[in-house]
Peer 1: 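Before I ask anything, let me first share the structure, which is written out below as structure tokens.
Predicted model only: the values in this text are computed from it and were never measured. Reminder, nothing fancy here: chain letters follow the sequence lines and each chain counts from 1.
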Amino acid sequence: MQTTSLPPYLRSLNPEQRRAVQLTEGPVLVLAGAGSGKTKTLVHRIVHLIRGRGVDPARIVAVTFTNRAAEEMRERVKAYAGAEARQVLLSTFHSLGARILREHAHRLGLPARFAIYSTPDQLAALRTACAEISIDDDSFDLKRIARRISDWKSRRVDPVTAKREVAAGITRGNRADAYAVLAADAYAKYEEVLRASGAVDFDDLLLLPVRLLSEDEEVRRAVWKRWHYVMVDEYQDTNAVQFEMARLLAGSRRNLCVVGDDDQSIYAFRGADVGNILEFERHFPGAAVVKLEQNYRSTQRILEAANAVIAGNARRHPKRLRTDNGPGAPIDYCEYADERAEAEGVAREIQTRRLTHKLAWGDFAVLYRTNTQARVFEEALRERNIPYRVVGGTSFFERKEVADATAYLRAVAHPHDEIAIRRIINYPARGIGRTTVLRIAELAAQRGVPFAVALESLDAGDVGAAPARAIAGFLDLLAAARQGLAAAEAESARTPFHATLPPIARWADEFFRQIGLEDEIRKDPRNARSADARSDNLKDLVGSIARYERRVWDDAATRMGGPLLEAAAEPPEDWSPPTLAEALARLALVDMNEEDDRRTDDASVALMTLHSAKGLEFSDVFLVGLEEGILPHARSLDAAADAEEASAADPLAEERRLLYVGITRARRRLSLSLCKTRGKSAAPTVPSRYLADIPPELLNVRTEGAALSPEESAELRKNFFSQMRAMLGSEDA
DNA sequence: CCAGGGGTCCTTTTT
DNA sequence: GGACCCCTGG
């Protein structure tokens, strides 16, 4: 074989992977099956560009969906390509969008230091927008409107077109959808509220850069000069805007390599369009296509089940995963009486198998369709003292205390941020109630000035005497905080050494204490059990500001060429010192959950949704709640019943892919289960339709609480004692 | 006009 | 667990 003459980074690849790596010019579609070494292929492609083709690392950009994926690739590229790999840009779509937007914000009349609104702020902005167009009866669902608007934005539909679309839909005789009409009206106003606050939402981070790129030749040229090789991971999850972004980034060079698996497309609900990967060869004529069908992860039985399930979908790039692994154990299938029994059964299994098969807690994962299913499993695991971690769930910034704290910071950093100010104007309660706030909003509208301006220029008699005093006190608080922040930022700009808490972080910490945020948390009886966790979240927030400040200085240091920057040295030219506004913008782009709850971890059982599980693998996987109404989810069933929506993207096909993703997470052993009854309803559940597609000969149907086989119980006894000895031994040490 | 307590409802999936 | 509603008392 001539493989020995290949450089090491190519030698460890199979022929399929090697081909994907060596096709460096022009459009390339890599159809990567589950467990086929997709990340490895991408990483080695980057290394090959640098090492094999002599490409300047700074000309390479790889776009991912999550910070975790970007981080993982960064580590691995660094391991192969060394220090110069730092120059490769590994970024999420949203961070890349923010980066492009920041550089050219002025072209859109946006401040360079725009605020980024995450979900709670977005909803608040929408609430304000709705109030302004007098949709103020509380009988509508804001989140539903928000979802609608987000749909439009991810399809590049502007407010005017949205309105026209809705009108056209109604004249076509569609079921009158009051929400669509409402949402179309709210959309335009919502955009106004965002701009007035100098803020953008997550969708804007994609939409606005794409607008810049498609309308502004100069922006395009700047981007093309900078990046010559573009890679996109998880391409099946791109929406219309992300597709445009990828296309525009690649430009006429067309050095665009996308990697993905249409069978793992599970984000249609946020606008992802499988069409992007299915039609890649049409979008980019002459594209090379490489399939990675060799699976390195699972046993034959598990793959057969996966293949059988996914074969039920019609519209896909046909792939057939194969493996050199052995057949493996049969797939367990168990029907439990109810959720409680299912959770206990799974917990018992985990406890037993850890000993019989010498596994670590981290080898197990329990995967479910919805976050709410987690609770009963938490309880069952806790009762048995099995360490677990819940991955995902409510994100860091959706936690009330974090949203409150960041609103305070934003109110200080962005004085015209109406949404932030309104969130905190009466928290902690300081005597500025609902009526007064509404009164001020009214005045602002009457006088045609921003809310913050109206607040600062109240006349006698505008509001009562007591509220007026309270408002004056609030404004003093903000003014003082702004002074304090200015001082902290000045200090941070000249202090490269941050042995303790860096200045801005220290200021924030003191600010929170001065406001009494922690006291407020502890005072609320609803937080009785969660108070410590919540106050830890505040500390994490401060900690992440500190990390940001240190990183800014680290950047300066690396660019100066030394690990440590002498206090006397001048920072590089195009470097700017840390600011709170910048810290907040960066924070909004990282999910703080991602930072610490490392999804793979030896020491605990993982609990997560099927969505969160994508890209991960575990030795033993439990897929629970496989019932009609759960998987496929009732909402998808409703949507599928709607002929209109079904024609766009079949919601049930996506549910099927979700199961496919779940099955293919398992390396060694897969256990499927369902509950014969669920919740308060006595009505029996119906097994998920997808179960019928799994060939029965692959299954080992177990009854609840089945006894162990003689071999298993012998193993269990044997390992139990050695485990005990190990534990005792480690305690002595 | 404001604060705080208590009850009720729901909950797809997420950058 | 959380958002939200209504009620009571100051």
Peer 1: Go through the structure and list residues passing salt bridge (charged side-chain N to carboxylate O under 4.0 Å, His left out) with A/D262, not counting sequence neighbours.
Peer 2: A/K319
Peer 1: Nearest to the side chain of A/T66, heavy atoms from C-beta on, is which of B/dT15, B/dT14, B/dT12?
Peer 2: B/dT15
Peer 1: Quick test: give all pairs of protein nitrogen or oxygen and nucleotides 4-8 of chain B nitrogen or oxygen below 3.5 Å, distance rounded to 0.1 Å.
Peer 2:
none

Peer 1: Quick one: A/K143 NZ to C/dG2 P, roughly how many Å, whole number?
Peer 2: 12 Å
Peer 1: Under 4.0 Å between a side-chain N/O of A/N426 and OP1 or OP2 of B/dA3, yes or no?
Peer 2: yes
Peer 1: Looking only at side-chain atoms of A/T370, point me to the closest of B/dT13, B/dT15, B/dT11.
Peer 2: B/dT13
Peer 1: Just how far, in rounded Å, is C1' of C/dC5 from CZ of A/R434?
Peer 2: 11 Å
Peer 1: Give the rounded distance in Å between these two atoms: CG of A/L123 and C1' of B/dT15.
Peer 2: 15 Å
Peer 1: How is A/D203 classified with respect to the nucleic acid when contacts are heavy atoms under 4.0 Å: base, sugar-phosphate, or nothing?
Peer 2: nothing
Peer 1: Between A/T436 and B/dC2, is there a contact of a side-chain N or O with OP1 or OP2 at under 4.0 Å?
Peer 2: yes
Peer 1: Residues two or more places apart in sequence or in another chain: which of them pass side-chain hydrogen bond (donor to acceptor under 3.5 Å, both in side chains) with A/S604?
Peer 2: A/R389, A/D601
Peer 1: Run through A/L443, A/I425, A/L478 and flag the one making a side-chain contact (heavy atoms from CB on, under 4.5 Å) with A/L455.
Peer 2: A/I425
Peer 1: Please report, rounded to the nearest Å, how far the P atom of B/dC1 is from the CG atom of A/L438.
Peer 2: 10 Å
Peer 1: Among B/dT12, C/dC4, B/dT15, which nucleotide has an atom closest to any side-chain atom of A/F202?
Peer 2: B/dT15
Peer 1: Side chain of A/S612 only, heavy atoms from C-beta on: which candidate in B/dT14, C/dG1, B/dC1 is closest?
Peer 2: B/dT14
Peer 1: By nearest nucleotide on DNA chain B, pick out whichever of A/T435 and A/S636 is the more 5' one.
Peer 2: A/T435
Peer 1: Give one of base, sugar-phosphate or nothing for A/Y267, where a contact means two heavy atoms less than 4.0 Å apart.
Peer 2: sugar-phosphate
Peer 1: Using whole Å, report how far CD1 of A/I630 lies from C1' of B/dT13.
Peer 2: 13 Å
Peer 1: Between A/R382 and A/E379 (salt bridge meaning N to carboxylate O under 4.0 Å), is one present in this structure?
Peer 2: no
Peer 1: Would you classify A/F65 as touching base, sugar-phosphate or nothing, given that sugar-phosphate means primed atoms plus P, OP1 and OP2, and contacts are heavy atoms under 4.0 Å?
Peer 2: sugar-phosphate
Peer 1: Please determine, for the side chain of A/T372, which listed nucleotide (B/dT14, B/dT12, B/dT11) has the closest atom?
Peer 2: B/dT11
Peer 1: Strictly below 4.0 Å: does A/N371 bring a side-chain N or O up to OP1 or OP2 of C/dG1?
Peer 2: no
Peer 1: Look at the side-chain N and O atoms of A/R399 and state whether any lies under 4.0 Å from the OP1 or OP2 oxygen of C/dA3.
Peer 2: no
Peer 1: Who passes salt bridge (charged side-chain N to carboxylate O under 4.0 Å, His left out) against A/K523, sequence neighbours left out?
Peer 2: A/E520
Peer 1: Pick base, sugar-phosphate or nothing for A/R657, based on heavy-atom distances below 4.0 Å to the nucleic acid.
Peer 2: nothing
Peer 1: To the side chain of A/R369, which of C/dC4, B/dT15, B/dT12 is closest?
Peer 2: B/dT12
Peer 1: Round to a whole Å and report the spacing from NZ of A/K614 to C1' of B/dT13.
Peer 2: 12 Å
Peer 1: Output all residues satisfying salt bridge (charged side-chain N to carboxylate O under 4.0 Å, His left out) with A/E378, sequence neighbours left out; order by chain, then residue number.
Peer 2: none
Peer 1: Under the side chain to side chain contact (heavy atoms under 4.5 Å, CB included) criterion, do A/T238 and A/V258 qualify, and how do the steps go?
Peer 2: CA-CA 10 Å; A/T238 49; A/V258 306; over 6 Å; no
Peer 1: Any side-chain N or O of A/R534 below 4.0 angstrom from OP1/OP2 of C/dG2?
Peer 2: yes
Peer 1: Applying side chain to side chain contact (heavy atoms under 4.5 Å, CB included), can you list everything that pairs with A/A343, at least two apart in sequence or on another chain?
Peer 2: A/V376, A/F377, A/A380
Peer 1: According to the 5.5 Å centroid and 30° plane-angle thresholds, does A/F269 stack upon the nucleobase of B/dT12?
Peer 2: no
Peer 1: Give the rounded distance in Å between these two atoms: CG of A/L616 and P of B/dT14.
Peer 2: 13 Å
Peer 1: Base, sugar-phosphate, or nothing for A/R439, non-hydrogen atoms under 4.0 angstrom?
Peer 2: nothing
Peer 1: Rounding to a whole Å, what distance do you find between A/I471:CD1 and B/dC2:P?
Peer 2: 9 Å
Peer 1: Are more than 12 heavy atoms from other residues, nucleotides or ligands located less than 6.0 Å from atom NZ of A/K539?
Peer 2: yes
Peer 1: For A/H611 and B/dT13, say yes or no: do the ring centres fall under 5.5 Å of each other while the ring planes differ by less than 30°?
Peer 2: no
